[in-house]
Chemist: 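Take this structure first; my questions come after.
Source: prediction; values computed, not measured.
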Amino acid sequence: GTMTKITNLYVHINRLSGTLPVQWGTMTKITNLVVYNNRLSGTLPEQWGNMTKITELALHTNRFSLTPPWSVRARPIGSVHGHRAIPVIT
């Protein structure tokens with residue numbers, strides 16, 4: 001199913017592993033997505049560009065080799081915390 005009504009998702013410090021779910025791109029109302037301090041890897045799915053209301057994206061202390069999708073990079077975000085490969089967008 002879709003998760004279109006979620007506005008905040010905090011799954012930090014849970015030892016989660018694998019890649020970031022493409023399906024999370026359906027969270028079009030999300031403002032805070034906090035997934036730091038897990039064992040996640042891979043890249044940010046292009047579908048995450050649908051998260052147009054996001055103001056906080058905390059990805060640090062994972063195993064990513066990623067660059068945010070163009071639609072995320074191109075607009076102001078309050079704070080982006082992440083791997084060294086992710087520029088801080090303010």
Chemist: For the atom pair CG (L40) and CG (L59), what is the distance rounded to the nearest 0.5 Å?
Modeler: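 Going from the CG atom of L40 to the CG atom of L59 covers 9.0 Å.
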Chemist: Partners of V22 by side chain to side chain contact (heavy atoms under 4.5 Å, CB included), sequence neighbours excluded?
Modeler: P45, Q47
Chemist: Test side-chain contact (heavy atoms from CB on, under 4.5 Å) on Q23 and M3 and set out the steps.
Modeler: CA-CA 8 Å; Q23 297 83 355; M3 303 181 337; 6.0 Å; no
Chemist: Below 4.5 Å, heavy atoms only, C-beta onward: do F64 and T43 meet side chain to side chain?
Modeler: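 No; the side chains remain at least 4.5 Å from each other.
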Chemist: Taking G42's backbone N and O only, do any of them form a donor-acceptor pair with T19's side chain (distance below 3.5 Å, no angle check)?
Modeler: no
Chemist: How far does CG of L9 sit from CE of M51, to the nearest 0.5 angstrom?
Modeler: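 Here the interatomic distance stands at 8.5 Å.
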Chemist: Within a strict 4.5 Å, meaning less than it, do heavy atoms of the W48 and I54 side chains meet?
Modeler: no
Chemist: Applying side-chain hydrogen bond (donor to acceptor under 3.5 Å, both in side chains), name anything that partners N32, two or more places apart in sequence or on another chain.
Modeler: N8
Chemist: Using 0.5 Å steps for rounding, measure from the OG1 atom of T55 to the CG atom of L33.
Modeler: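 Atom-to-atom, T55:OG1 and L33:CG are 10.5 Å apart.
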Chemist: Kindly compute the distance separating CD1 (I6) from OG1 (T31), expressed to the nearest 0.5 Å.
Modeler: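 Atom-to-atom, I6:CD1 and T31:OG1 are 11.5 Å apart.
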Chemist: Given side-chain contact (heavy atoms from CB on, under 4.5 Å), test N50 with T52 step by step and report yes or no.
Modeler: CA-CA 5 Å; N50 297 328; T52 58; 5.8 Å; no
Chemist: With a 3.5 Å distance limit and no angle check, can you tell me whether S41 reaches the backbone of R63 through a side-chain donor-acceptor pair?
Modeler: no
Chemist: Starting at CG of N37, measure out to NE2 of H60 and round the result to the nearest 0.5 Å.
Modeler: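 Between N37 CG and H60 NE2, I get 7.5 Å after rounding to 0.5 Å.
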Chemist: Starting from Y10, walk the hydrophobic network (Ile, Leu, Val, Met, Phe, Trp, Tyr; side-chain heavy atoms closer than 4.5 Å) and list everyone else you reach, by chain and number.
Modeler: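 The other cluster members (ILVMFWY side chains, heavy atoms under 4.5 Å, direct or chained) are I13, V34, Y36.
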Chemist: Is the backbone N or O of V11 less than 3.5 Å from a side-chain atom of N38, with the two atoms forming a donor-acceptor pair by type?
Modeler: yes
Chemist: How far does NZ of K29 sit from NZ of K53, to the nearest 0.5 angstrom?
Modeler: 8.0 Å
